[in-house]
Amino acid sequence: MEISKKVELLAPAGNLQAFYGAVNAGANAVYLGGSKFGARAYAENLTEEELVACIRYGRLFGVKVYLTVNTLLKEQEIQDLPGYLEPFYRAGLAGVIVQDIGALTIIRESFPCLELHASTQMTLCASYGPELLKTMGVNRIVPARELSLQELIDIKRRTGMELETFIHGAMCYCYSGQCLFSSILGGRSGNRGRCAQPCRLPYIVNSRKKGAQCYPLSLKDMCTIDCIPDLIEAGIDSFKIEGRMKKPEYAAGVTAIYRKYIDLYYELRQNLGAEKAAEIYQVVPEDRKALKTLYVRSQLQDGYYFRRNGREMITLANPAYSETKDELLEKINGEYLQNRRRLAVKVEAEFLVGKPASVSLSCKETVGKATGELVQPSRNQPVTEEDLRRQLGKLGDTPFEASEMQILLEENAFYPLKQMNELRRKSAEALEQELIKARECKKSEVQQKIWSASNRPAQSIKCIKNRPIQSTAYSISVAAMEQLRVLAEFQTDKKSEQKLALQHVYVNSDLLIERYNECLALMKQINTAGADVTAEKNVTSGTELLAALPYVMRQSDLAYMEKIWSLAEKGEIDGFLVRSLDELGFLLNREQKSKKGVKIRTDAGVYIWNLSTAQSLSVLTDGFCIPYELNAHEQRKLIENSSSEDGHFLSWEKIIYGRIPMMITANCVQKTTDICIKDGQGVLWMKDRYQTDFPVLRNCAHCVNIIYNSVPLALFGEQNRVNGIDVLRLDFTIETEQEVVQVLRACMDGLSLKRGTYTTGHEKRGVD
């Protein structure tokens with residue numbers, strides 16, 4: 001294929017030294033975090049002054065700086081975002097890496113010329129999520145690390161968007177953005193940059209022979225130095241090195257090696273053509289050894305680019321860092337960290353008696369000039385040319401170094417040393433300003449189109465205080481036919497007067513496709529029994545059947561999605577519970593093409609943490625599910641502030657029972673610890689060091705694992721804690737028929753489950 005531009009090498013920086021080291025080592029761009037909103041809360045990060053200095057310095061050398069705003073933002077935080085970004089924008093910040101859709105919306109409106117990059121935390125795995133984000137102003141995506149090279153090529157071809165992919169560093173076991181493991185167990189949320197890394201801890205897996213302890217969730221670090229030709233030919237726009245929390249020697253050393261081999265391949269390609277260049281491209285042992293020892297966790301592998309998953313990707317043994325040799329660190333320190341890269345400038349000065357003194361610095365065609373007071377005749381000590389050369393050459397605090405100096409000095413001239421230094425400082429500032437002139441932006445050039453299908457009119461959201469309690473209905477999510485059958489029997493039991501006012505039943509889409517007729521028959525029973533109940537509760541009569549889609553949609557799932565969409569298009573189901581932006585984009589695309597409107601509700605993993613996100617997605621969906629990590633107070637503030645100007649309240653759903661999905665993974669615990677059995681669906685168990693058991697649901701149809709919490713969330717009796725919730729939801733995942741009956745009865749009676757058998761999650765504590 002024809003390559004129109006060279007790939008960007010994007011390096012991490014957790015502090016100033018790492019930033020300057022990465023620039024010295026040849027990075028085309030650097031990503032870093034400021035004092036707020038970054039997904040590495042425990043990195044040093046940079047102050048406002050330091051960050052502005054980095055941005056300005058980078059612009060001098062043609063190195064872009066991208067700021068991480070890749071966490072979820074609470075309502076009280078998101079208001080501070082424009083003020084936080086403004087000094088960086090004015091300094092010339094190139095782009096912002098974003099996870100939160102509300103933050104994305106506010107940044108686009110406040111800074112229309114700023115590039116928006118969708119973080120890997122958005123779990124983008126197909127072309128439909130990127131296409132949707134493109135309509136919101138996003139121009140670059142960082143797809144999920146689990147995608148193959150062919151999938152990336154396909155996304156690039158379908159969307160035309162820039163792709164930024166990881167090429168080196170640590171890897172999460174879970175699809176990024178879908179991990180609640182650290183959050184639920186210890187209150188340290190990965191969505192807030194505070195992950196405690198439970199994936200690096202030992203577990204006993206019941207599929208493993210002899211029950212031996214191992215590290216089944218700990219991925220080896222990624223290294224793609226041998227794959228550079230393939231990645232370049234795939235058309236990826238930016239190669240990203242992970243590691244903002246690692247030392248400056250790592251940032252500089254890894255960047256330098258990848259810079260060397262990227263340049264090598266382009267040179268070979270230019271001289272020999274792509275095919276021959278790829279054949280003779282190879283990495284010398286010394287560089288390979290350096291990459292293996294620069295703060296690597298156990299061993300290296302090349303990620304998911306050429307595999308779906310595999311035991312060879314996992315450490316299994318204790319994932320300790322490899323020892324880095326002092327000689328290597330000293331070499332990196334000497335070459336890249338001790339001195340900053342500087343621009344060569346020509347210094348010209350005039351000190352003529354009776355005329356204003358002047359100093360100018362020039363870099364190629366750009367000049368910065370400063371003029372001072374009149375030069376006075378000397379009474380005792382005239383200024384010498386040596387004095388001027390010494391003082392004007394002191395450019396150590398600037399990004400410049402004097403490569404040439406021309407001085408016009410009249411004999412018997414005098415000029416104070418302090419004023420001489422001031423001229424040097426002002427001329428350096430003037431040159432820097434000229435080299436990095438403020439950007440010019442025409443708002444009309446920025447894409448402002450927001451998705452607005454004819455059957456989804458935009459709603460303007462305003463603040464309504466003291467939102468009233470609405471009539472509460474229930475929704476039930478089921479994953480197995482036995483669970484749906486128990487629900488139908490519970491609703492049709494003539495011996496019991498207790499019935500749930502069911503608004504929705506979410507049936508796992510795999511189950512719906514495989515056993516549709518049985519599902520439909522049971523839904524008819526539920527609707528017949530529930531007609532009187534819904535009327536009595538002042539809830540719309542008739543329970544809606546919605547397909548609960550998979551947690552992740554990849555391009556390989558397209559035929560599957562078409563099949564499940566056909567059920568809605570024919571009117572056989574009422575809509576969908578979506579769990580990813582790719583699924584949302586797919587459904588909106590099909591709605592627009594077919595002119596068929598269906599119900600679309602978002603699950604807890606499509607995060608709605610603030611009013612801006614609710615407003616953006618209210619155009620696209622019919623209702624939201626409260627995320628797991630907001631506490632009751634935060635939920636209440638969010639909901640009471642969201643309604644449309646015509647008095648229509650957004651439909652909010654809250655999960656009050658269910659096992660929390662703590663990890664959605666492309667790797668398979670079963671395959672890692674034993675063999676791949678491809679038996680459709682099953683559960684195995686992991687035991688941690690506290691002897692706590694976690695169920696792992698294996699879904700072979702989509703080749704994913706879902707690691708659930710050890711006990712279910714249960715908030716019975718909490719129905720009125722948050723005003724404005726109009727749907728309370730029970731999620732059934734791996735429960736037996738007997739357990740489903742117990743939960744339904746406990747829900748109706750407002751009773752708690754047996755102490756120690758459930759959790760209240762973040763209902764009271766929330767996350768920092």
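Everything numeric in this text was worked out from a predicted model, so none of it was measured.
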Judged by modelled atom types alone, do N309 and K671 share a side-chain donor-acceptor pair under 3.5 Å? yes

Ignoring hydrogens, what is the shortest heavy-atom contact between P399 and L60? Give both atom names and the distance. CG-CD1, 3.2 Å

Is D221 reaching over with its side chain to a backbone N or O of V296, donor-acceptor style, under 3.5 angstrom? no

Any side-chain heavy-atom pair of C172 and R145 under 4.5 Å: yes

When you measure from the side chain of T120 to the backbone of S176, do you find a donor-acceptor pair of N or O atoms at a distance under 3.5 Å? no

Using salt bridge (Lys or Arg N to Asp or Glu O under 4.0 Å) as the criterion, list what pairs up with E432, not counting sequence neighbours. R56

With sequence neighbours left out, what residues match K364 under side-chain contact (heavy atoms from CB on, under 4.5 Å)? none

Is there a side-chain contact between Y250 and I332 (heavy atoms, below 4.5 Å)? no

Do any N or O atoms from the side chain of S148 and from the backbone of E151 form a donor-acceptor pair under 3.5 angstrom? yes

Name of the residue among K156, K134, K5 meeting salt bridge (Lys or Arg N to Asp or Glu O under 4.0 Å) with E162: K5

Check step by step if salt bridge (charged side-chain N to carboxylate O under 4.0 Å, His left out) holds for D226 and R288. CA-CA 9 Å; D226 292 305; R288 193 186 305 281; 2.6 Å; yes

Any donor and acceptor pair, going by atom type alone, linking the side chain of T255 with main-chain N or O of A25 inside 3.5 Å? no

Checking the side chain of R579 only, and the main-chain atoms of L549 only, is there a donor and an acceptor separated by less than 3.5 Å? yes

Nearest heavy-atom contact between L124 and A118 is CD1-CB, 3.9 Å

Classify the ring geometry of Y261 against Y281: parallel below 30°, tilted from 30° to 60°, perpendicular beyond 60°. perpendicular

Give the intermediate values and the outcome of salt bridge (charged side-chain N to carboxylate O under 4.0 Å, His left out) for residues D154 and R157. CA-CA 5 Å; D154 194 44; R157 177 179 60 82; 2.5 Å; yes

Write down the atom of E8, the atom of R140, and the distance for their closest heavy-atom approach. OE1-NH1, 2.9 Å

Does N28 reach the side chain of V63, with side-chain heavy atoms less than 4.5 Å apart? no

Worked verdict on Q301 versus C223 for side-chain contact (heavy atoms from CB on, under 4.5 Å): CA-CA 6 Å; Q301 46 92 18; C223 176; over 6 Å; no

Between Y31 and E242, the two heavy atoms sitting closest are OH-CA, 3.4 Å

So, do V552 and S580 sit near enough that their side-chain heavy atoms are less than 4.5 Å apart? no

Say whether, by atom type as modelled, one donor and one acceptor occur between the side chain of R590 and the main chain of E562 under 3.5 angstrom. no

By salt bridge (Lys or Arg N to Asp or Glu O under 4.0 Å) - contacts of R340 (at least two apart): none

Between Y20 and N339: side-chain donor-acceptor atoms closer than 3.5 Å: no

What distance separates I707 CD1 from R698 CZ, expressed to the nearest 0.5 Å? 13.0 Å

Under the salt bridge (charged side-chain N to carboxylate O under 4.0 Å, His left out) rule, what pairs show up with a residue in residues 314-331, not counting sequence neighbours? E286-K331

Side chains of Q121 and Y607: is there a donor and an acceptor less than 3.5 Å apart? no

Measuring only between side-chain heavy atoms, which start at C-beta, is I141 closer than 4.5 Å to I155? yes

Only one of L684, N705, V696 passes side-chain contact (heavy atoms from CB on, under 4.5 Å) with Q670; say which it is. L684

Dump the intermediate steps for side-chain contact (heavy atoms from CB on, under 4.5 Å) on L133 and L104, then the final yes or no. CA-CA 9 Å; L133 291 171; L104 186 156; 4.2 Å; yes

Does some side-chain heavy atom of N70 sit less than 4.5 Å from a side-chain heavy atom of V98? no

Donor-acceptor contact present, side-chain Q197 to main-chain C199, <3.5 Å: no

For P248, the side-chain contact (heavy atoms from CB on, under 4.5 Å) test, sequence neighbours excluded, returns N15, Q17, A18, L337

Quick one: list whatever passes ring pair (Phe, Tyr, Trp, His ring centres under 6.0 Å) with Y551, sequence neighbours left out. none

Consider only side-chain N and O atoms of Q99 and S119, and report whether a donor and an acceptor are under 3.5 Å apart. no

E275: partners by salt bridge (Lys or Arg N to Asp or Glu O under 4.0 Å), with sequence neighbours left out: none

With sequence neighbours excluded, tell me which residues meet side-chain contact (heavy atoms from CB on, under 4.5 Å) with E50. L16, L46, T47

Nearest heavy atoms of P661 and I664, plus distance in Å: CB-CD1, 4.1 Å

Begin with the C-alpha distance, continue with both residues' side-chain angles, and end with the deciding distance and a verdict on side-chain contact (heavy atoms from CB on, under 4.5 Å) for I232 and Y266. CA-CA 9 Å; I232 287 177; Y266 277 119; 3.7 Å; yes

Hey, are the side chains of R308 and S556 touching, using non-hydrogen atoms and a 4.5 Å cut-off? yes

Student check: side-chain heavy atoms of D237 and V7 closer than 4.5 Å: no

Pairs in or reaching into residues 141-178: which pass ring-ring contact (aromatic ring centres under 6.0 Å, His included), with residues at least two apart or in two chains? H168-Y258

Salt bridge between R158 and E131, side-chain N to carboxylate O under 4.0 Å? no

Salt bridge (Lys or Arg N to Asp or Glu O under 4.0 Å) involving D263 - partner list, sequence neighbours excluded: R259

Donor-acceptor under 3.5 Å (D287 side chain, V283 main chain): no

Does the ring of Y295 carry K247 above it, NZ/CZ under 6.0 angstrom from centre and within 45° of its axis? no

Do you see a donor-acceptor pair shorter than 3.5 Å between the side chains of R200 and S218? yes

C195 versus P198, closest heavy-atom pair with distance: SG-CD, 4.3 Å

Going by the rule side-chain contact (heavy atoms from CB on, under 4.5 Å), which residues pair with T366 if we only count those two or more places apart in sequence or in a different chain? L431, E434, L435

Given 3.5 Å as the limit, does a donor-acceptor pair link the side chain of Y57 with the main chain of R341, or not? yes

Rounded to the nearest 0.5 Å, how far apart are CZ of F19 and CD1 of I55? 8.5 Å

Charged N to carboxylate O under 4.0 angstrom, R307 versus E312? yes

Residue pairs fulfilling ring-ring contact (aromatic ring centres under 6.0 Å, His included) with at least one residue in residues 296-323, sequence neighbours excluded: none

Closer than 3.5 angstrom, by distance alone: can the side chain of T324 be matched with the main-chain N or O of T293 as a donor-acceptor pair? yes

Short side-chain donor-acceptor distance under 3.5 Å, D510 and H702: yes

